[in-house]
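Notes follow once the structure below has been shown.
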Amino acid sequence: MTITDIKKEVCDCCKGYILIGQRYMICEKCNKIVHKKCNKKSNFSIHNSKQMCPNCALSTVKKYNPFEEFFDTQGNTDNDSEHFYNRELHNEIPILQMANNTLNKCKTYPSSSLKNLAMEFPGDFTTLFYNIDGNKSNFDTFLAELSALPVKFTVVGLAETNTGKNETADLFRINGYKSFYNEKLHDKKKGTGVALYVNEALNATENEKLSLVSPDIESLFVTVNDGEKKINIGSIYRSPNGDEEKFLEELLSLVEQFPANATSIIMGDFNFDLFNRIQSMIGKFEDVFLSQGLFPLISLATHKTNNSSSCIDNILTNSIEKCCLSGIIDNIGTHHSPIFSLFDLNLGIKEKPPLQIQEYSYSAKNIEALAQELNPELIEVYKSLDFESFFRLFKDAVDQCCKLSKPKYSKRNPINNPWITDGIIDAIQHKNDL
């Protein structure tokens, strides 16, 4: 072979030859090569921790995985002293392989597929996190969407509820769950408030030491006790207007106080875009949770607008080996997508059948008494056209005639004793056929 037989590399940007000694960049997906000096014109970028040309970056789904390069046998990182890893460490630390696999398996799932996933994976502890962007505006819609899901999540975490502790008892209930709310920032009407809903079959208590409210971090944690097992689970929100350094300091202090020998799970909207790992603040955020043995479970975009997508919501855990699955639920929510995780913690959760609470008795006798009570007085109320007086009169009359002196509790409920029985359904169908 002569020197003229050697194929010279050509810069994909300026079409000039790349000579020996010149600095260059290579797309790690299609192997296009450009001069280093042509970087700005070429629009090469870091995408999924890899250097890519514009076409490859556009056709590749954004994915966050800081462990992938650790196990990437394609690149040569043996002498790379800037990385935290050594290439031989993965043989000694299988937990990093678990973290890598979890992020690679993270997908976006249509809500209809969740039932099959729950049957396929043996998990018994499921979490859902969602930035609701205001309870007053979106809770009813979220509740309808949550009720339609084929899986009942063990714990549901919310951020940006814009709701404090004293505003939740009657307005924002989820049947079958015990609710926990932290106070919101008093000087903010929007962009504040965190909440947790825990399956009422579990023994859960708020950990006030880990529940914070400040302009830089909002957190709410509960401890779930199941015999000798403990689960420390919380919801965190970081306002994009807060101090980033103070948030990281408070987050580190928070994590250092986690109960020992407990499975810890943090669900949160951290407002750090993990896709932008070249930013120093993202690296500092990674250092905080990785140094404390916490591993991220979400690798895809959780927040989307017309022009951009980012990975700012995540679930962190110190028990990556117990995580069976994680992902994003499609077609629910607005700009933020709900994220979920499924753990196999071998808990003894036994669903309690919901009790029916009867506070009124609408027997024929009581209804007749109510009619007699209302009849003469309603005429005067109708004449005045005073709705408030009518409502107050009607309520007082119903309480007087129909309200029980003591509520009755029954195990009969719409599930085990439905009002619309199979017989009624068959009769309706038979009538329609006729």
Side-chain angles (χ1 to χ4, degrees), residues 25-29 34 36 39-54 56-58 60-70 72 75 77 80-85 96 99-100 102-104 106 129 131 159-160 191 214-219 236-255 266-316 328 335-337 339:
M25 299 170 63
I26 296 179
C27 175
E28 295 184 57
K29 189 171 182 182
V34 296
K36 184 76 173 179
N39 179 29
K40 290 186 178 179
K41 292 182 180 180
S42 68
N43 291 322
F44 268 52
S45 62
I46 302 299
H47 198 81
N48 296 351
S49 301
K50 294 183 178 181
Q51 193 167 251
M52 291 189 189
C53 67
C56 289
L58 189 64
T60 303
V61 176
K62 282 187 179 180
K63 203 157 192 177
Y64 166 72
N65 188 347
F67 311 105
E68 190 171 30
E69 56 199 85
F70 181 90
D72 187 0
T77 58
D80 191 349
S81 60
E82 295 182 359
H83 286 80
F84 69 88
Y85 54 77
L96 295 183
N100 179 59
T102 298
L103 290 177
N104 282 336
C106 178
F129 176 79
N131 182 317
E160 287 200 75
S214 80
D216 305 309
I217 185 172
E218 296 183 53
S219 65
I236 285 182
Y237 175 67
R238 184 188 81 82
S239 169
N241 299 320
D243 188 302
E244 295 175 335
E245 294 284 359
K246 288 183 179 179
F247 169 81
L248 294 180
E249 291 174 6
E250 295 193 53
L251 177 62
L252 180 59
S253 175
L254 200 69
V255 174
I266 305 176
M267 307 177 290
D269 176 1
F270 301 99
N271 272 306
F272 285 125
D273 184 8
L274 294 177
F275 290 153
N276 294 328
R277 293 186 64 213
I278 58 175
Q279 293 184 0
S280 61
M281 194 55 64
I282 304 303
K284 291 180 180 180
F285 178 46
E286 280 186 334
D287 288 343
V288 168
F289 61 75
L290 290 175
S291 66
Q292 297 301 308
L294 295 169
F295 294 93
L297 304 183
I298 304 299
S299 60
L300 299 174
T302 63
H303 181 264
K304 295 180 180 180
T305 64
N306 292 333
N307 301 318
S308 64
S309 60
S310 55
C311 182
I312 59 177
D313 308 277
N314 221 303
I315 303 172
L316 310 174
I328 296 169
H335 293 316
H336 286 267
S337 297
I339 56 178

**Message:** Show the nearest heavy-atom pair for residues Ala301 and Phe275, with the distance to one decimal.
**Reply:** N-CZ, 3.6 Å
**Fill in**
Output for pair (Leu316 CG, Met267 CE), nearest 0.5 Å, gives 11.0 Å
**Prompt:** Taking the side chain as C-beta and beyond, is there a heavy-atom pair between Lys63 and Leu300 under 4.5 Å?
**Reply:** yes
**Request:** Would you please name every residue forming a side chain to side chain contact (heavy atoms under 4.5 Å, CB included) with Gln279, sequence neighbours left out?
**Result:** Asn276, Ile282
**Contact check, side chains of Val288 and Val255, non-hydrogen atoms, under 4.5 Å** = no
**Request:** Side-chain contact test, heavy atoms from C-beta onward, threshold under 4.5 Å: evaluate it for Asp313 versus Ile298 and give yes or no.
**Result:** no
**Request:** Kindly compute the distance separating CD1 (Ile236) from CD1 (Ile217), expressed to the nearest 0.5 Å.
**Result:** 4.5 Å
**Message:** Checking Ser310 now: which residues fulfil side chain to side chain contact (heavy atoms under 4.5 Å, CB included) with it, not counting sequence neighbours?
**Reply:** Asp273, His303, Ile312
**Request:** With rounding to the nearest 0.5 Å, note down the distance linking OH in Tyr64 to SG in Cys106.
**Result:** 12.0 Å
**Side-chain (Gln51) to main-chain (Glu28) donor-acceptor, under 3.5 angstrom** = no
**Message:** Going by side chain to side chain contact (heavy atoms under 4.5 Å, CB included), name the residues that satisfy it together with Asn104, two or more places apart in sequence or in a different chain.
**Reply:** Asn65, Glu68, Asn100
**Request:** Kindly compute the distance separating OG (Ser42) from CE (Met25), expressed to the nearest 0.5 Å.
**Result:** 5.5 Å
**Message:** What I'd like to find out is whether the side chain of Phe285 reaches to under 4.5 Å of the side chain of Leu274, using heavy atoms alone.
**Reply:** yes
**Fill in**
Shortest non-hydrogen pair, Ser309 vs Lys62, comes out as O-NZ, 3.6 Å
**Prompt:** What heavy-atom pair brings Pro296 and Leu103 nearest, and what distance separates the two atoms?
**Reply:** O-CD2, 3.3 Å
**Asked** Which value, rounded to the nearest 0.5 Å, describes the distance between Leu251 atom CG and Asp216 atom CG?
**Response** 12.0 Å
**Message:** Taking the side chain as everything from C-beta on, heavy atoms only, tell me whether Leu254 gets closer than 4.5 Å to Ile266.
**Reply:** no
**Prompt:** Considering residues at least two apart in sequence or located in another chain, which fulfil the ring pair (Phe, Tyr, Trp, His ring centres under 6.0 Å) criterion with Phe295?
**Reply:** Phe67
**Asked** Are Leu248 and Met281 side-chain neighbours, meaning at least one heavy-atom pair lies under 4.5 Å?
**Response** yes
**Prompt:** Rounded to the nearest 0.5 Å, how far does OG of Ser337 lie from NZ of Lys304?
**Reply:** 6.0 Å
**Asked** salt bridge (Lys or Arg N to Asp or Glu O under 4.0 Å) with Glu250: which residues, sequence neighbours excluded?
**Response** none
**Request:** State, with a plain yes or no, whether a side-chain heavy atom of Thr302 is found less than 4.5 Å away from one of Phe129.
**Result:** no
**Item:** Exercise: identify the closest heavy-atom pair between Gly191 and Glu218
**Value:** O-OE2, 4.0 Å
Would you be so kind as to tabulate the donor-acceptor pairs closer than 3.5 Å made by side chains of residues 238-247, with sequence neighbours excluded?
residue : atom : partner : partner atom : Å
Arg238  : NE   : Phe270  : O            : 2.8
Arg238  : NH2  : Asn271  : O            : 2.7
Ser239  : OG   : Asn241  : N            : 3.1
Asp243  : OD1  : Glu245  : N            : 3.0
Asp243  : OD1  : Lys246  : N            : 2.9
Glu245  : OE2  : Lys284  : NZ           : 2.8

